[in-house]
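So the structure is just underneath, and the comments pick up after that.
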Amino acid sequence: MDENQFALITGTSSGLGYEMAQYLLEEGYNVIGVSRRGTSLDHPNFIDILCDIKEEAAVEEMYELIAGHTDSLSLIVLNAGIFEMSPIVETSTKEFSDHLATNVTGSFHILKHASDFLIEDLTHVVVISSIAAKKGLANISAYSASKFALNGMIESVREEWEHLGIRFSTLMPGAIYTPLWDEENEDLPRDEMLSMGDFMHVFQMIVTSPVYMQFPEITFLHKKGLLK
Ligand SMILES: NC(=O)c1ccc[n+]([C@@H]2O[C@H](COP(=O)([O-])OP(=O)(O)OC[C@H]3O[C@@H](n4cnc5c(N)ncnc54)[C@H](OP(=O)(O)O)[C@@H]3O)[C@@H](O)[C@H]2O)c1
């Protein structure tokens with residue numbers, strides 16, 4: 001691959017974002033990783049940016065920093081997200097709003113200000129959505145609402161940027177055992193979740209696909225089905 005290719009990934013300090021960053025670095029990309037805590041990934045081609053994607057001004061500053069390194073992004077991975085489980089009657093308005101602000105508005109900020117970095121007929125936007133964008137499950141009303149909304153926004157932007165030849169792929173996995181589950185219901189069987197390796201299997205297929213292909217919605221989950 002062209003060794004000057006840059007990938008922007010949100011949410012690299014943990015879980016799937018960290019794994020994707022490592023993989024893309026091994027593949028020869030320059031990787032820009034974004035998170036609030038910072039990413040401890042020691043690689044000469046990794047650029048760590050602290051940014052809360054909920055804040056539009058912070059995202060604009062992030063792009064100013066990126067402009068010091070490159071004027072084009074081959075890959076944009078919208079991955080940063082939060083997940084908290086609770087019955088709707090116990091979900092605070094703040095918790096509900098935080099899900100929308102991170103999982104939807106955060107990705108909106110990233111795309112809204114990406115225009116100057118898009119490469120016609122090349123940039124690939126990969127969205128880490130969820131199976132919860134297809135089916136509501138008990139105790140995740142805030143998360144599910146945010147992921148349904150995320151998919152809707154992406155469908156709209158895909159249409160808007162069709163004339164630029166920007167491709168969009170939306171991954172909708174079931175449960176994957178990452179730190180996201182650390183604080184959540186211990187009764188849910190971890191051995192019925194996918195592993196990060198399983199996720200990477202699909203991610204690798206998506207990012208190595210021919211430049212004319214896109215995956216508007218790709219759903220994958222453990223054969224045991226949805227967690228109950
Ligand atoms: N694990 C699953 O079962 C599963 C299944 C389907 C979909 N997904 C989706 O996969 C994505 C990654 O999840 P994960 O399992 O890897 O979770 P994770 O380990 O909790 O990682 C989430 C990442 O998002 C970042 N993040 C959260 N809020 C942010 C903000 N306001 N600004 C910048 N970065 C922010 C976090 O960094 P900081 O805290 O440092 O900001 C962290 O790096 C999420 O969108 C999630 O919804 C996960």
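Order of listing sets the numbers, starting from 1, for every ligand and every atom in it. The first residue of the sequence shown is numbered 1, and numbering continues consecutively from there.
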Quick check on H201: does its NE2 atom have over 12 non-hydrogen neighbours (other residues, nucleotides or ligands) under 6.0 Å away? no
Under 4.0 Å from ligand 1, counting heavy atoms only, is it the side chain of D52, its backbone, both or neither? both
Please list the nearest protein heavy atom to atom 13 (O) of ligand 1 with its residue and the distance rounded to 0.1 Å. L180 CD1, 3.8 Å
Atoms in ligand 1 flagged as close to G15, the criterion being non-hydrogen separation under 4.0 Å: 16 (O), 19 (O)
State whether the number of non-hydrogen atoms from other residues, nucleotides or ligands found under 6.0 Å of I88 atom CD1 is greater than 12. no
State, to 0.1 Å, how close I128 and K147 come at their nearest heavy-atom pair, and which atoms those are. O-NZ, 3.0 Å
Is there a ring-ring contact (aromatic ring centres under 6.0 Å, His included) between Y29 and F6 once you walk through the steps? CA-CA 6 Å; Y29 279 86; F6 279 77; 9.4 Å; no
Give the minimum heavy-atom separation between E84 and E184, together with the two atoms involved. CA-OE2, 3.6 Å
Do H109 and E60 meet the criterion of a side-chain donor-acceptor pair at a distance under 3.5 Å? no
At the 4.0 Å heavy-atom cut-off, does Y143 count as touching ligand 1? yes
Residue, atom name and distance, where the atom is the protein heavy atom closest to atom 26 (N) of ligand 1: A80 CB, 3.7 Å
Looking at every non-hydrogen atom in both residues, tell me the closest pair between I131 and G174 and how far apart they are. CG2-CA, 3.9 Å
Residue pair T10 / N79, side-chain donor-acceptor N/O under 3.5 Å: no
One residue to check: K147. Relative to ligand 1, which of side chain, backbone, both or neither has a non-hydrogen atom less than 4.0 Å away? side chain
Mark up the atoms of ligand 1 that fall under 4.0 Å of a heavy atom belonging to K54, in ascending order. 31 (N)
When distances are taken from atom 43 (O) of ligand 1, the protein heavy atom at minimum range is S13 OG, 2.8 Å
List the closest protein heavy-atom neighbour of atom 1 (N) of ligand 1: residue, atom name, distance to the nearest 0.1 Å. I176 O, 3.0 Å
What protein heavy atom sits nearest atom 44 (C) of ligand 1, and how far off is it? N79 O, 3.1 Å
Answer yes or no: does an N/O atom from I82 fall short of 3.5 Å to an N/O atom of ligand 1? no
Can you name the atoms of ligand 1, numbered from 1 with element, that are less than 4.0 Å from a heavy atom of S35? 33 (C), 34 (N), 37 (O), 40 (O), 41 (O)
Atoms in ligand 1 flagged as close to C51, the criterion being non-hydrogen separation under 4.0 Å: 32 (N), 33 (C)
What protein heavy atom sits nearest atom 6 (C) of ligand 1, and how far off is it? P173 O, 3.5 Å
Heavy-atom contact check, 4.0 Å cutoff: does A101 meet ligand 1? no
So do the side chains of E19 and Y23 get within less than 4.5 Å of each other, counting heavy atoms only? no
For the CD atom on E183, are there more than 12 heavy atoms of other groups (residues, nucleotides or ligands in this structure) within a distance under 6.0 Å? no
List ligand 1 atoms under 4.0 Å from A175, heavy atoms only on the residue side. 3 (O)
Heavy-atom pair of closest approach, residues G11 and A80: N-CB, 3.7 Å
Show the atoms of ligand 1 that are less than 4.0 angstrom away from any heavy atom in T12. 43 (O)
Under 3.5 Å, is there a donor-acceptor pair linking the side chains of R167 and S209? yes
For G174, take its heavy atoms, then give the atoms of ligand 1 lying under 4.0 Å from any of them. 5 (C), 6 (C)
Please report which non-hydrogen protein atom sits nearest to atom 15 (O) of ligand 1, along with the residue it belongs to and the distance in Å to one decimal place. T178 OG1, 2.5 Å
For atom 16 (O) of ligand 1, grab the closest protein heavy atom and report residue, atom and distance to one decimal in Å. L16 N, 2.8 Å
Closest non-hydrogen atom pair between I53 and V34, with its separation: CG2-CG1, 4.1 Å
Taking 4.0 Å as the limit for heavy-atom contacts, which would you say applies to F83 with ligand 1: side chain only, backbone only, both, or neither? neither
Taking atom CG as the centre, does D42 end up with more than 12 heavy-atom neighbours from other residues, nucleotides or ligands that are less than 6.0 angstrom away? no
Logged contact type for T39 with ligand 1, heavy-atom cut-off 4.0 Å, is neither
Heavy-atom nearest option to atom 22 (C) of ligand 1, drawn from G11, G81, S14: G81
Take every heavy atom of A132, measure it against each atom of ligand 1, and state whether any distance is under 4.0 Å. no
Evaluate I53 for polar contact with ligand 1, using N/O atom pairs at a separation under 3.5 Å. yes
Which atoms from ligand 1 have a heavy atom of I128 less than 4.0 Å away? 9 (C), 10 (O), 11 (C), 45 (O)
Does atom OH (Y177) have a neighbourhood of more than 12 heavy atoms from anything else shown, all under 6.0 Å? no
Run the contact test for W181 against ligand 1 with a 4.0 Å cut-off on heavy atoms, strictly below, and give the result. yes
Of all the heavy-atom pairs spanning T70 and F117, show the shortest one and how long it is. O-CE2, 3.4 Å
